[in-house]
Amino acid sequence: MSNLDQAPDFIRTIVAEELANGKWQGRVITRFPPEPNGYLHIGHAKALAIDFGLPAEFGGRCHLRFDDTNPTKEEQEYVDQIMADIRWLGFEWGAHLYYASDYFEQLYQWAVQLIQAGKAYVDDLTAEETRDYRGTLTEPGKPSPCRERSVAENLDLFARMRAGEFPDGAKTLRAKIDMASPNLNLRDPVMYRIRKAAHHRTGDAWCIYPMYDWAHGQSDSIEGITHSLCSMEYEDHRPLYDWFLDALGIYHPRQIEFARGNLSHTVVSKRKLLQLVNEGIVAGWDDPRMPTLAGLRRRGYPPEAIREFWKRVGVGKTPNLIQVGLLEHCVREELNQRAPRMLAVLRPLKIVIDNYPADQVEQLVAVNNPEDPAAGTRQIPFTRELWIEQTDLMENPPKKYFRLAPGAEVRLRYAYLIKCVSVVKNERGEIVEAHCTYDPTTLNSNPTDRKVKGTIHWVAVPFARPAEIRLYDHLFLSPKPDEAEDWKAQINPHSLERLTNCYVEPALAAAQPGAHVQFERAGYFCADTDSTPTQLIFNRTVSLRDTWGKIEKAEAADK
RNA sequence: UGGGGCGUGGUGCAGUGGUAGCACACCAGACUUUGGAUCUGUGGACCGAGGUUCGAAUCCUUGCGCCCCAGCCA
């Protein structure tokens with residue numbers, strides 16, 4: 001797609017150096033470790049691009065591992081959806097599909113090993129007490145009364161925890177590290193909690209479940225991961241992972257942290273996304289306004305554009321807020337290359353070409369994609385009555401308006417030059433129809449005696465197919481909705497405009513759901529999942545760059 | 001205020017001792033049967049203060065600012 005070669009980011013630089021020095025015996029094995037408790041979103045796409053992209057460059061591989069250590073939040077449905085989304089984005093894990101839950105027994109044995117070494121203990125503190133004992137950012141914690149239990153007692157208690165003798169929350173297994181550590185993660189972190197809940201994969205086999213911190217590093221170790229890539233928030237956890245791996249005496253991957261990519265005008269927190277869905281603010285997880293991969297797909301964002309976007313953003317460690325405009329640029333760039341051009345009228349206004357024979361139909365030749373000669377041409381019918389865009393006709397046009405107006409001449413795309421002779425208005429003074437004349441000599445040529453600057457699109461009335469077109473805009477008005485006092489107050493009331501009275505050219509009747517198309521002069525659109533030949537529905541993926549719109553806005557601002 | 005991380009044009013990234021680059025955005029122009037695309041050009045940045053050096057975005061000192069951490073979530 002893009003051939004601009006960027007400087008390697010700091011992670012690639014590190015890996016390249018290691019490989020040059022013979023570290024890892026040439027292996028580069030990463031993993032993408034989602035929790036199956038929600039949908040993947042645009043931010044995950046960055047991690048995906050890094051986790052799968054890095055080994056692809058160095059001849060390694062990336063594992064897909066579900067971090068399914070919390071049965072109360074995870075479901076098979078999410079597992080399936082996540083796999084589908086990753087494949088759609090263009091990444092493949094082959095045979096390397098894993099689950100943290102596959103390691104539950106090994107993790108249990110390792111926990112026993114830590115207890116035997118005097119490095120873990122069973123604690124009776126409640127959740128609230130545990131918090132109180134942990135101390136604060138500035139004050140050290142204090143040891144639990146259970147901290148000095150004997151190895152034998154701990155072993156016995158832990159076995160009984162597994163056996164289901166204690167109710168939920170009654171006991172935990174904790175690592176015995178340092179209650180005074182300035183790094184809160186080292187203040188005797190919980191390794192196991194009791195949860196008498198069925199797990200989507202292990203069923204009722206377990207009633208104690210490992211915490212993420214206890215499971216993650218060891219899972220990476222088991223799989224022989226060389227580079228555990230994760231976001232900056234885990235930098236504070238690295239000393240803990242190292243402590244576990246050292247205490248166990250097992251293989252150490254190298255963890256490298258990078259900054260997550262934050263998108264402007266967007267929220268991605270699971271809680272907020274869920275709220276948007278549950279409160280009916282959007283139509284579902286795959287609503288085209290959602291930042292989920294499912295939503296972006298339905299909106300018409302090509303996976304190539306999403307990958308290119310993250311490639312251009314790069315990888316760093318700085319907290320960031322990326323303008324959503326860059327993503328939209330990447331979408332336009334991709335679609336410009338491959339989306340067939342079509343004519344569609346969003347807000348129709350009928351024009352009658354008075355000097356064109358009433359029963360005549362001409363088949364005119366239209367170019368399918370000026371960026372791709374191989375896309376060929378098609379025929380479009382031309383008749384005396386046409387639909388044009390309401391915004392393409394003004395009775396009293398401002399300066400620099402190149403479209404239709406009484407007395408003004410304009411080019412009909414792929415057809416003739418027409419001149420507006422009169423307009424018909426309703427009782428409210430709105431233009432409901434216009435009469436024009438055409439110049440029969442201007443079909444594939446321009447007159448030499450005058451210059452016509454504007455070109456507008458149209459659809460022949462007798463052949464037009466009705467369609468619904470959904471215009472989407474940013475879901476949030478504010479670039480940083482998360483920082484607003486009330487994030488929901490930032491929701492754009494016009495994020496969806498449904499136009500139900502649109503007309504599209506006949507060829508569009510065959511558009512398959514998911515098909516990308518450019519409606520000339522309007523934008524890139526995508527046939528919706530629910531679109532059928534008799535009930536056409538198109539989603540606006542992104543508008544075309546709109547120079548005229550910009551001029552209009554600027555002049556409106558001047559007044 | 002304990003610990004960790006980070007400060008380069010509006011935004012995102014390069015540059016780690018030798019004239020500060022790229023992309024998006026912005027502005028201007030060329031071209032155009034999409035006010036699309038394409039092409040050309042302009043403007044604009046090293047968080048501050050000291051210091052080392054012939055020379056500092058880069059090294060040192062110090063100050064300031066932003067982000068993350070006190071789930072039996074991941």
Side-chain angles (χ1 to χ4, degrees), chain A residues 2 4 6-9 33-35 37 67-70 72-74 123 125-128 130-132 134-141 168-174 181-187 189-195 209 211-213 215-216 231-239 257 259 261 264 270 309 312-330 332-333 336-337 341 343 367 370-371 400-403 410-415 417 442 444-446 452-457 479 518-523 543-551:
Chain A
S2 164
L4 85 168
Q6 294 185 317
D9 57 68
E35 182 190 16
N37 73 337
D67 271 334
D68 52 352
T69 56
N70 186 350
T72 62
K73 293 189 174 177
E74 297 149 7
D123 198 353
L125 255 33
T126 65
E128 303 76 60
T130 304
R131 191 195 319 128
D132 292 340
R134 186 156 31 228
T136 68
L137 292 179
T138 51
E139 303 158 28
D168 282 10
K171 295 188 188 312
T172 58
L173 182 74
R174 294 230 258 164
S181 171
N183 181 346
L184 269 34
N185 295 122
L186 265 22
R187 319 244 263 227
V190 172
M191 295 163 62
Y192 278 95
R193 73 288 217 189
I194 300 173
R195 281 271 185 292
Y209 290 93
M211 295 290 289
Y212 171 87
D213 276 344
H216 194 80
S231 48
M232 294 303 294
E233 58 198 294
Y234 291 105
E235 194 153 31
D236 284 342
H237 296 240
R238 180 152 35 95
E257 306 85 7
S264 75
K270 234 154 244 176
F309 164 68
R312 290 201 190 194
V313 165
V315 183
K317 301 179 73 150
T318 315
N320 57 64
L321 183 69
I322 303 145
Q323 295 173 336
V324 70
L326 179 58
L327 211 209
E328 292 166 347
H329 167 82
C330 292
R332 288 192 186 99
E333 183 180 63
N336 177 48
Q337 294 305 313
R341 273 58 169 174
L343 301 185
V367 174
E371 302 296 321
K400 291 195 276 186
Y401 183 81
F402 305 148
R403 284 109 95 148
V410 76
R411 162 73 62 183
L412 287 177
R413 180 74 158 155
Y414 299 124
L417 252 33
T442 56
N444 281 311
S445 66
N446 281 313
V452 174
K453 196 153 187 183
T455 299
I456 65 173
H457 57 274
Q518 182 197 100
F519 290 160
E520 295 212 25
R521 302 209 304 136
S543 65
L544 249 23
R545 279 186 61 226
D546 182 8
T547 312
W548 170 246
K550 225 179 264 178
I551 294 171

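Note on naming: letters A, B, ... go to the chains in the order of the sequence lines (proteins, then strands), and numbering restarts at 1 for each one.
- Contact annotation: side chain of A/Asp546 to base of B/G35, donor-acceptor pair absent below 3.5 Å.
- Checked by atom type and distance alone, the side chain of A/Asp236 never pairs as donor or acceptor with a backbone atom of A/Asn183 at under 3.5 Å.
- Between A/Leu137 atom CG and B/G71 atom C1' the separation is 15 Å, expressed in whole Å.
- Contacts of A/Glu235 with the nucleic acid, taken as non-hydrogen atoms under 4.0 Å apart, involve only primed sugar atoms and P, OP1 or OP2.
- Each of A/Asn183 and A/Asp68 was matched to the nucleotide of RNA chain B holding its nearest heavy atom; the match closer to the 5' end belongs to A/Asn183.
- Residue A/Ile322 is in sugar-phosphate contact alone, with no base atom involved, counting any heavy-atom pair closer than 4.0 Å across all strands shown.
- If you check every strand for non-hydrogen atoms under 4.0 Å, A/Leu125 touches a base.
- Atom P of nucleotide B/G36 and atom CD of A/Gln518 are separated by 11 Å, given to the nearest angstrom.
- Comment: A/Glu235 engages A/Arg238 in a salt bridge, judged by a side-chain N to carboxylate O separation of less than 4.0 angstrom.
- B/G4 atom C1' lies 10 Å from atom CG of A/Asn185, rounded to whole Å.
- B/A20 sits 15 Å from B/G9 when the P atoms are compared, rounded to a whole Å.
- The gap from the P atom of B/G18 to that of B/A30 amounts to 42 Å, rounded to the nearest Å.
- Between B/U19 and B/C26, the two P atoms lie 32 Å apart (nearest whole Å).
- Here A/Arg413 lies in heavy-atom contact (under 4.0 Å) with a base.
- Listed for the A/Ser264 side chain is no donor-acceptor partner under 3.5 Å among the backbone atoms of A/Leu321.
- Nucleic acid contact for A/Tyr209: none, since no nucleic acid atom lies under 4.0 Å from a heavy atom of the residue.
- Summarising the local packing, NZ of A/Lys270 is surrounded by more than 12 heavy atoms from other residues, nucleotides or ligands at distances under 6.0 Å.
- Of all nucleotides listed (B/G36, B/U1, B/C73), B/C73 comes nearest to the side chain of A/Arg195.
- The closest side-chain donor-acceptor pair between A/Arg195 and A/Asn70, if any, does not fall under 3.5 angstrom.
- Among the protein residues, A/Tyr401 comes within range of the nucleic acid bases, having at least one heavy atom under 4.0 Å from a base atom.
- Within the 4.0 angstrom heavy-atom criterion, only backbone atoms of the sugar-phosphate kind lie near A/Leu326; the bases stay farther away.
- Across all strands shown, B/C27 pairs with B/G41; the Watson-Crick or G-U wobble distances both stay below 3.5 Å.
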Assess the residue pair A/Glu520 and A/Arg413 against the criterion (salt bridge (Lys or Arg N to Asp or Glu O under 4.0 Å)); give the C-alpha distance rounded to whole Å, side-chain angles, the decisive distance to 0.1 Å, and a yes or no.
CA-CA 9 Å; A/Glu520 295 212 25; A/Arg413 180 74 158 155; 2.7 Å; yes

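- In this entry B/G65 has B/C6 as its Watson-Crick or G-U wobble partner, both defining distances falling under 3.5 Å.
- The A/Arg312 side chain lies nearest to B/C24 when the options are B/A70, B/C24, B/A74.
- Between A/Thr547 and A/Pro182, the residue whose closest nucleotide on RNA chain B is further toward the 5' end is A/Pro182.
- In this model, no side-chain donor or acceptor of A/Arg521 finds a partner on the base of B/U34 within 3.5 Å.
- Closest to the side chain of A/Glu35, from the set B/C24, B/C73, B/U32, is B/C73.
- Here A/Lys550 reaches the OP1 or OP2 of B/C26: one of its side-chain N or O atoms lies under 4.0 Å away.
- Comparing the C1' positions of B/G44 and B/G10 gives a spacing of 9 Å, expressed to the nearest Å.
- With a glycosidic angle more than 90° from 0, B/G15 adopts the anti conformation.
- A donor-acceptor pair under 3.5 Å is formed between the side chain of A/Arg332 and the backbone N or O of A/Ser543.
- Atom CZ in A/Arg131 sits roughly 9 Å away from atom C1' in B/A70 (whole-Å rounding).
- B/A20 makes up no base pair with any nucleotide shown, lacking Watson-Crick or G-U wobble contacts both under 3.5 Å.
- If you check B/C59 for Watson-Crick or wobble pairing at under 3.5 angstrom, you find it paired to B/G51.
- Look at the P atom in both B/U53 and B/G63: the space between them is 23 Å, to the nearest Å.
- The same atom, C1', is picked in B/G35 and in B/C67; the two are 42 Å apart, to the nearest Å.
- With distances taken from any side-chain atom of A/Gln323 to the nucleotides B/G10, B/G7, B/G2, the minimum falls on B/G10.
- Using a 4.0 Å heavy-atom criterion, one finds that A/Arg411 contacts the bases of the nucleic acid, with or without backbone contacts as well.
- Contact annotation for A/Tyr234: base contact, defined as any heavy-atom pair under 4.0 Å involving a base atom.
- The CZ-C1' distance, from A/Arg545 to B/U32, rounds to 14 Å in whole Å.
- Of all nucleotides listed (B/G5, B/G36, B/C73), B/C73 comes nearest to the side chain of A/Met211.
- Comparing B/G3, B/U33, B/U34 by their closest approach to the side chain of A/Asn446 singles out B/U33.
- For the OP1/OP2 pair of B/C24 and a distance below 4.0 Å, the side-chain nitrogens and oxygens of A/Arg332 include no atom meeting the criterion.
- Nucleotides B/A45 and B/G50 have their C1' atoms positioned 22 Å apart, rounded to a whole Å.
- The listed nucleotides are B/A25, B/U32, B/A74; the one nearest the side chain of A/His329 is B/A25.
- Within 4.0 Å of A/Val452, counting heavy atoms only, lies no atom of the nucleic acid at all.
- Across the protein-nucleic acid pair, A/Glu371 atom CD and B/A37 atom P stand 9 Å apart, rounded to whole Å.
- Look at CZ on A/Arg238: it is 17 Å from P on B/C69, rounded to the nearest Å.
- No contact: A/Arg187 has no heavy atom under 4.0 Å from any strand.
- Side chain of A/Asp213 to main chain of A/Met211: no donor-acceptor pair is present (N/O by atom type, distance under 3.5 Å, no hydrogens or angles).
- Using a 4.0 Å cut-off, some side-chain N or O of A/Thr69 falls inside it from OP1 or OP2 of B/A74.
- The residue A/Arg174 sits apart from the nucleic acid: no heavy atom pair falls under 4.0 Å.
- A/Tyr234 has its side chain out of reach of A/His216: every pair of non-hydrogen atoms, C-beta onward, lies at least 4.5 Å apart.
- Rounded to whole Å, the C1' atom of B/C24 lies 37 Å from the corresponding atom of B/C60.
- Across all strands, A/Pro34 comes closer than 4.0 Å to no nucleic acid atom at all (heavy-atom distances).
- Rounded to a whole Å, the CG atom of A/Asn444 is 9 Å from the C1' atom of B/U33.
- A distance of 7.5 Å separates CD1 in A/Ile194 from NZ in A/Lys171, rounded to the nearest 0.5 Å.
- Within the nucleic acid shown, A/Lys73 comes within 4.0 Å of sugar-phosphate atoms alone, with no base atom in reach, counting heavy atoms only.
- Within the 4.0 Å cut-off from OP1 or OP2 of B/G36, not a single side-chain nitrogen or oxygen of A/Asn336 is found.
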